[in-house]
Structures are given as structure tokens and as C-alpha cells.
Peer 1: 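Dropping a structure here in C-alpha cells format, bear with me for questions.
Counting starts at 1 for both ligands and their atoms, following the listed order. Values reported hereafter were calculated over all heavy atoms of this structure, with side chains retained and with hydrogens, waters and symmetry mates removed.
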Amino acid sequence: MFDALQRGLTRRTLLNRTGLGLLAMGAAEIIYKPVRTLAQAAPSPSEEPSLPPEQKLGWAVVGLGQFATEQIMPSFGECKRSRLVALVSGDRAKAERYARQYGVNPQNIYNYQNYETIRDNPEVDVVYIVLPNGMHAEYTIRGARAGKHVMCEKPMATSVAECQAMIDAARQAGKKLMIAYRAQYEPYNLAAIDLARGPRKELGKLKAIVADHGRIVKPSEPQDRWRIDKKLAGGGSLPDIGIYSLNAARYITGEEPIEVSAMLYSTPNDPRFVEVEENVNFMLRFPSGVLANCTSSYGYSDTKRIQVFGSEGTLELSPATDYYQHRLFVEKGKVREERNIDEKNQFALEIDHLSESIVQNRKPKTPGEEGLQDIRLIQTIYEAARTGRKIQLEPMQPPRNERSV
Ligand code: NAD
């Protein structure tokens, strides 16, 4: 992955440095000015030197699927405060292969039955749950009860009750629980937050957000098989990728919605959408008056875009929530310019954020309550779509007021 990142950056950097960015965009009338943004730095400890291995917290990855093996595990190499020390998998041979690749002691390989015995392993401080959504609650709760801090992938779980049980289990165990909302640690998204509601309020008063996330779900791929099974996925495109539109509307405004409406549609007779939905469009109204139009789809090809409209200007992040190669455009008057920001490994940033929160005994920026709020809103969106009614919500503060740059 990192090679691809380097290649992408090199190409874009070259285009920008040679002024070919304009040509690459294929529109001579667009005024193109590469500008280094004043956006705040990514969360510490990215600029700090790496700790010596014995001072890093030890992490176990639970579930060795596509995302864990292609994004998460390679990213430990860039972590400053965290190291991979254990693996949990139902496939011993696969786990041994990865243990060799990452220098994990084979004695630190667990399976789903003996997972609890991780309690007796002082090398493991944190378990990172990268299993299908329907298994997040069980493995988070078992991990917390085994005395470990927990990072859990999005969506947090498949129901509000499961999310609450996870929060309660971590609290009772005196352990941290963080939901892996990587976009909230990613520098381009932090820059967008800063533009939207940082001290300089570059876009003026915020008016609207449009956030779109779509991809084609392909059950021929192993990682998509469980995604069309309601019990394991919890829903269709909405909890899987529409959650990025939803979470972005919340972190861009820094507010919680007070009104929700939604429409849902799945292609009739498409065997992929018997149990889970294909498309959901939803609208959110925030207390400040910002309206968000969000889309979520398993039917259109790769889309990850966030647009923010203010009285003084607009921004567009596209791709907004990819693994790398994000692009940010700001338009004021008739001038549209690209802002180039140092790309950083968002997975390493979020992993180190939890390690740092543990060492400093602080609540992480995206705690269990952040995941719970998205699941609560996802259920409300389904309800609004089912009934065709607008649903009013009690005003509430974001789980973390400091959910900001
Ligand atoms: P995947 O299918 O590739 O991985 C799931 C792993 O769980 C596999 O190793 C599989 O063997 C294992 N597993 C154990 N019991 C299983 C069961 N009963 N059914 C199916 N698999 C079982 O899926 P993935 O794409 O790696 O997704 C895993 C998690 O990571 C999901 O929660 C997903 O939402 C999340 N994810 C997050 C991002 C992100 O950008 N943050 C990206 C992709 C996936």
C-alpha cells in the first residue's frame, strides 16, 4: 500500500510542481493554484520520533480479512507508539504466515475459541476488532472482559443495544473503547473541518453539505459475501459506506442533527438486495440550520465525495475518504484552487491516537459514544425511510465537544 501511496504522491507532486495540474484537470479556464493549507497538523504523535519497541503498546489484530491484512497490519510499520504483537484468526496456517511476515511470536496466535486466554498475555494491551459487523459487539465485549483496551472497526455494531453493551463492558473493565473512524484522523478531512469551522471560518457561514458514498457490492468476492447477509452486516450500503456520509456531516458541522428524512430503494429481483438495501438517500437538519444531503449506494461505482457550501465559498473533497490520494478543492467567487496537504497514513495515526489516549488516560477522540450515535442515526434513517415521515430528534451535544481539528 505504501508503495502505491508513494507512487500516487510522486505523480501528483510532479504534476503540481510542473504546473501540469491544470492540464491534468483538462480545463484551461479553471484557475489552478497549488496552495499549502494552513490546516492544523494531524493528531499527535505523527511528528514525534518513534518510541523504542519496548515502550510501544502491544496490539492484537482480531480477524485477518482483506482490510486487516491489506491496510491495518502494514500500517503498524509506520506507528510510533504501537506495535503488532498478536493475531486472532480461525485459520491457523494463515495466521502463521502473517506472523512470520510481521515478526509476531507464534505463541501469540489465538483462535476464536481461546481468544479469552489473551488475558494472560501481558504483551497485548489492545485488541483491534476487524471482523464482520455482526461480530463486533461479541469480540469487543470479550476483549474488554479479558482486560484489554479495544479498537473496533466501523460500523460499531448492528444495534443501539449492542453499542451500549460494548460501552458498558469497556467501562466496567476500566478499559478504553475507540471506534476506528479513520477519516477523523486523516489530514485532508481535518483540513476540511478547519475550513468549515476553524477559527478563520474560510467558507463563511455554513449552509449545506452534500456527501456521497457508493460502490458496487460483489458477492463473488469473499469480503462482500457477509455484507449482503443482514445478520452479519446489520444492513446494506448505509452502515457499510453511507456511514461515511453520515459521520462527515457530523464532523464537518461539529453538531448533531435534529431532523432526519430518508428514502430507500433496492433494484427489484436483484439477489444481492434480498436482505439488505442498495440505495439510501437521507437528509439531515442541524441546529445551526445546515442541511445535509447524503447518499449511500451499493449500486454505483466508487464514489467518496464531500462538498461543503458556505456563504463565502465551497469546498470539495474528492476522493474524500479513500485510503490515500485525497484531493481538496476550494472555490471562492470564480476561483477554484487545489489545496495540497501532506498525505499521512491515517491508519497509523488512528492506531497511535488510541495508544496515546491509553498512556495519557484520556478518552479517545472517537469513543464508543461516537459509534453509538451513528448507529442510533442509522436506525432513525431506516425508520424515516420506512414510514415516509420526517423524524425530529432531541438536541444533543456531540459525544466529544473536542471533535475538531
Ligand atoms: P473480510 O471479509 O475481508 O474480513 C473479515 C474477516 O473475518 C475474515 O478474515 C473472515 O475469515 C473473518 N470471519 C470470522 N468469522 C466470520 C464469519 N462468521 N463470517 C465471515 N467472516 C468471518 O471483510 P473486511 O472488508 O476486511 O471487513 C472487516 C471489518 O472491517 C468490517 O467491520 C468492515 O466494516 C471494516 N472495514 C473498514 C474499513 C475502513 O476503511 N475503516 C474498510 C474495510 C472494512
Peer 1: In the protein, which heavy atom is nearest to atom 40 (O) of ligand 1, and how far is it?
Peer 2: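 Sorting protein heavy atoms by distance from atom 40 (O) of ligand 1 puts Arg182 NE, 2.6 Å first.
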
Peer 1: Among all protein non-hydrogen atoms, which one is nearest to atom 28 (C) of ligand 1, and what is the separation to 0.1 Å?
Peer 2: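 Closest protein heavy atom to atom 28 (C) of ligand 1: Val130 O, 3.4 Å.
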
Peer 1: Considering only heavy atoms, does Leu131 approach ligand 1 within less than 4.0 Å through its side chain, its backbone, both, or neither?
Peer 2: both

Peer 1: List every atom of ligand 1 that sits less than 4.0 Å from any heavy atom of Tyr323, numbering the atoms from 1 in the order shown and giving each element.
Peer 2: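 Listed by number with element: 40 (O), 42 (C), 43 (C).
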
Peer 1: Looking only at protein heavy atoms, which one is nearest to atom 41 (N) of ligand 1, and what is the separation?
Peer 2: Glu153 OE1, 3.0 Å

Peer 1: Is there a side-chain contact between Ile109 and Tyr98 in this structure, where contact means two heavy atoms from C-beta onward sitting under 4.5 Å apart?
Peer 2: no

Peer 1: Are more than 12 heavy atoms from other residues, nucleotides or ligands located less than 6.0 Å from atom CG of Asp120?
Peer 2: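 Yes - once you tally the heavy atoms of other residues, nucleotides and ligands closer than 6.0 Å, there are more than 12.
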
Peer 1: Does Gln107, at its CD atom, have more than 12 non-hydrogen atoms belonging to other residues, nucleotides or ligands within less than 6.0 Å?
Peer 2: no

Peer 1: Answer yes or no: are there more than 12 heavy-atom neighbours, outside Glu394 itself, under 6.0 Å from its atom CD?
Peer 2: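 For Glu394, atom CD is not crowded (no more than 12 foreign heavy atoms under 6.0 Å).
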
Peer 1: Answer yes or no: does atom NZ of Lys94 have more than 12 heavy-atom neighbours from other residues, nucleotides or ligands under 6.0 Å?
Peer 2: yes

Peer 1: Between the side chains of Ser297 and Asn279, does any donor sit under 3.5 Å from an acceptor?
Peer 2: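 Yes, side-chain donor-acceptor contact under 3.5 Å.
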
Peer 1: Given that the side chain starts at C-beta and the backbone is N, CA, C, O, which of these parts of Leu232 lies under 4.0 Å from ligand 1, counting heavy atoms, or is it both or neither?
Peer 2: side chain

Peer 1: Side chain, backbone, both or neither: which applies to Tyr244 and ligand 1 if a contact is any heavy-atom pair less than 4.0 Å apart?
Peer 2: side chain

Peer 1: Just need the protein heavy atom nearest to atom 3 (O) of ligand 1, so name the residue and atom and give the distance.
Peer 2: Gln66 N, 2.7 Å

Peer 1: For Arg215, which of Asp302, Asp322, Asp224 qualifies under salt bridge (Lys or Arg N to Asp or Glu O under 4.0 Å)?
Peer 2: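 The option that passes is Asp224.
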
Peer 1: Do Arg285 and Glu259 sit within salt-bridge range, that is, some charged N less than 4.0 Å from a carboxylate O?
Peer 2: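 Result for this pair is yes, salt bridge flagged.
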
Peer 1: Specify whether the nearest protein heavy atom to atom 33 (C) of ligand 1 is under 4.0 angstrom away.
Peer 2: yes

Peer 1: For atom 26 (O) of ligand 1, which protein heavy atom lies nearest, and how many Å away is it?
Peer 2: Phe67 N, 2.9 Å

Peer 1: Within the protein, is there a heavy atom lying under 4.0 Å from atom 15 (N) of ligand 1?
Peer 2: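 Within 4.0 Å: yes, protein heavy atom nearby.
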
Peer 1: Check this for me: does any side-chain nitrogen of one of Arg142 and Glu116 sit under 4.0 Å from a carboxylate oxygen of the other?
Peer 2: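 Glu116 and Arg142: salt-bridged.
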
Peer 1: Give a yes/no on ligand 1: does Pro132 have at least one heavy atom closer than 4.0 angstrom to it?
Peer 2: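 Pro132 counts as a contact of ligand 1 under the 4.0 Å cut-off.
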
Peer 1: Please list the nearest protein heavy atom to atom 11 (O) of ligand 1 with its residue and the distance rounded to 0.1 Å.
Peer 2: Lys94 NZ, 4.6 Å

Peer 1: Do other residues, nucleotides or ligands put more than 12 heavy atoms under 6.0 Å from the CE atom of Met396?
Peer 2: yes

Peer 1: Select one of side chain, backbone, both or neither to describe which atoms of Met135 lie under 4.0 Å from any atom of ligand 1, heavy atoms only.
Peer 2: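 Contact part for Met135 vs ligand 1: side chain (C-beta onward).
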
Peer 1: Measuring only between side-chain heavy atoms, which start at C-beta, is Glu96 closer than 4.5 Å to Arg92?
Peer 2: yes

Peer 1: Against heavy atoms of Tyr112, which atoms of ligand 1 measure under 4.0 Å?
Peer 2: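 In order of number, 12 (C), 14 (C).
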
Peer 1: Which bit of Arg227 gets closer than 4.0 Å to ligand 1, counting heavy atoms only: side chain, backbone, both or neither?
Peer 2: side chain

Peer 1: Could you tell me whether Tyr115 and Tyr139 have their ring centroids closer than 6.0 angstrom?
Peer 2: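 Distance test on ring centres: under 6.0 Å, yes.
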
Peer 1: List the closest protein heavy-atom neighbour of atom 2 (O) of ligand 1: residue, atom name, distance to the nearest 0.1 Å.
Peer 2: Trp226 NE1, 2.8 Å

Peer 1: By number and element, which atoms of ligand 1 are closer than 4.0 Å to a non-hydrogen atom of His136?
Peer 2: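 Answer for ligand 1: 32 (O).
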
Peer 1: Starting from atom 8 (C) of ligand 1, what is the nearest protein heavy atom, named by residue and atom, and what distance separates them?
Peer 2: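 The answer is Gly65 CA, 3.6 Å.
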
